[in-house]
Amino acid sequence: MDLWIKEMQNENAAMTYKVKETLHTEKTEYQHLAILDTYEFGRMLVLDGIVQTTIRDEFAYHEMITHVPLFTHENPKKVLVIGGGDGGTIREILKHKSVEKAVLCEIDDRVVELSKKYLPEISCGLSDPRVEVFIGDGIKYVQEHKNEFDVAIVDSTDPIGAAEGLFNVNFYKSLYDCLRADGIFTAQTESPFYSPQMVKKIFGDIESVFPVTKLYMGTVLTYPGVHWSFTMGSKKYDPERIDINNISELDTKYYYKDLHKACFVLPKYIKDLIMKK
Ligand code: SAM
């Protein structure tokens, strides 16, 4: 018998993957969690029926959400990740020698525990001595930490349920306060093809708080529309004005210095979307 997982992209379109084995399912305090082994993408973490990460394509997402802000900052020492319980963003942050401490604030401890068990390639950095794993709500965490981080990365689920409050002006204001004077934050900000109004609103909200706001794109094969947006809010540094020759070579598969420049060159429909008021 063939077993397939179907993820709706909207009410009219879906992505499907053939499942080799269901490794784990449970209802956590916050969401339905499944770890599946699939033929095309290998092991995958699925929350509330939405694919979060897969062994085969995770590198593009985790590298782009991490290295673009970390190489934009001149000397990132203390980094915060909100969400990101699979550990992929932490693994990438640890590739930066300047980083002395990385805090992961994930609301659902089961995501962390099961990622450690079933996705060791992704979660491997979570036990590093530079990493502190804090289980709690990212909204409260940023409100309680002021002027503390050089870079913050919002690696969250879509803006529903526990993650809803991670996508509004009040949260962006708290994030601004949580960052040091030259701090930067980056968030995953959904698909401009399937959710154009959401992308536009998020960009406008971040722009109302941060002096430098830039949207950039990455290719994530298992996310709706594949062409995925990230938005950066920065207090000082402009990611397009940095000298890319200072970007050192890391062990990456997607990000490298030329791509740092190229990812800000947007297809016209996306540029129009965020520029037109
Ligand atoms: N890369 C993924 C994506 O875009 O699909 C996100 C991966 S990561 C697994 C997302 C995490 O955000 C989930 O584990 C979820 O529990 C966590 N999360 C959601 N709301 C949160 C909140 N308010 N505070 C902290 N973590 C939160």
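Order of listing sets the numbers, starting from 1, for every ligand and every atom in it. The chain is numbered in sequence order, starting from 1.
Residues Thr54 and Thr38 fail the side-chain proximity criterion, which asks for heavy atoms closer than 4.5 Å. Side-chain contact between Gln188 and Val220 is absent, with no heavy atoms from C-beta onward closer than 4.5 Å. No side-chain heavy atom of Cys263 sits less than 4.5 Å from a side-chain heavy atom of Met217.
Contacts between Gln52 and ligand 1, counted as non-hydrogen atom pairs separated by less than 4.0 Å, involve both the backbone and the side chain. Contacts with ligand 1 closer than 4.0 Å are made by no heavy atom of Tyr30, backbone or side chain. Of all the heavy atoms of Val111, the ones lying under 4.0 Å from any atom of ligand 1 belong exclusively to the side chain. Only the side chain of Leu47 comes within 4.0 Å of ligand 1, counting heavy atoms alone; its backbone N, CA, C and O stay farther away. At a heavy-atom distance under 4.0 Å, no atom of Tyr141 approaches ligand 1. Contacts between Asp158 and ligand 1, counted as non-hydrogen atom pairs separated by less than 4.0 Å, are absent for every part of the residue.
Using a 4.0 Å cutoff on heavy atoms, Thr157 counts as a contact of ligand 1. Residue contact annotation: Gly161 has no non-hydrogen atom under 4.0 Å from ligand 1.
Glu92 places no side-chain N or O within 3.5 Å of a backbone atom of His62 that could act as its donor or acceptor partner. A donor-acceptor pair under 3.5 Å is absent between the side-chain atoms of Asp109 and the main chain of Ile135, judged by distance alone. A donor-acceptor pair is defined here as one N or O able to donate and one able to accept, closer than 3.5 Å; such a pair exists between the side chain of Lys235 and the backbone of Leu179.
Side-chain rings of Phe71 and His96 approach one another, their centers coming within less than 6.0 Å. Between Phe185 and Phe149, the ring center distance fails the sub-6.0 Å criterion.
Of the protein's non-hydrogen atoms, Glu106 OE1, 2.8 Å is the one closest to atom 14 (O) of ligand 1. From the protein, the heavy atom lying nearest to atom 12 (O) of ligand 1 is Gly83 CA, 3.4 Å.
Remark: Phe193 CZ is loosely packed, at most 12 non-hydrogen atoms of other residues, nucleotides or ligands lying under 6.0 Å away.
Not a single N or O atom of Ile82, backbone or side chain, sits closer than 3.5 Å to an N or O atom of ligand 1. Considering backbone and side-chain atoms alike, Asp86 places every N or O at 3.5 Å or more from each N or O of ligand 1. Considering both main-chain and side-chain atoms, Ile139 never comes within under 3.5 Å of ligand 1 through any nitrogen or oxygen pair. On a distance-only criterion, Asp108 and ligand 1 share no N/O pair closer than 3.5 Å. Considering backbone and side-chain atoms alike, His62 places every N or O at 3.5 Å or more from each N or O of ligand 1.
Residue His67 is tested with Tyr254, Phe59, Phe230, Tyr255 for a ring pair (Phe, Tyr, Trp, His ring centres under 6.0 Å); the sole match is Tyr255.
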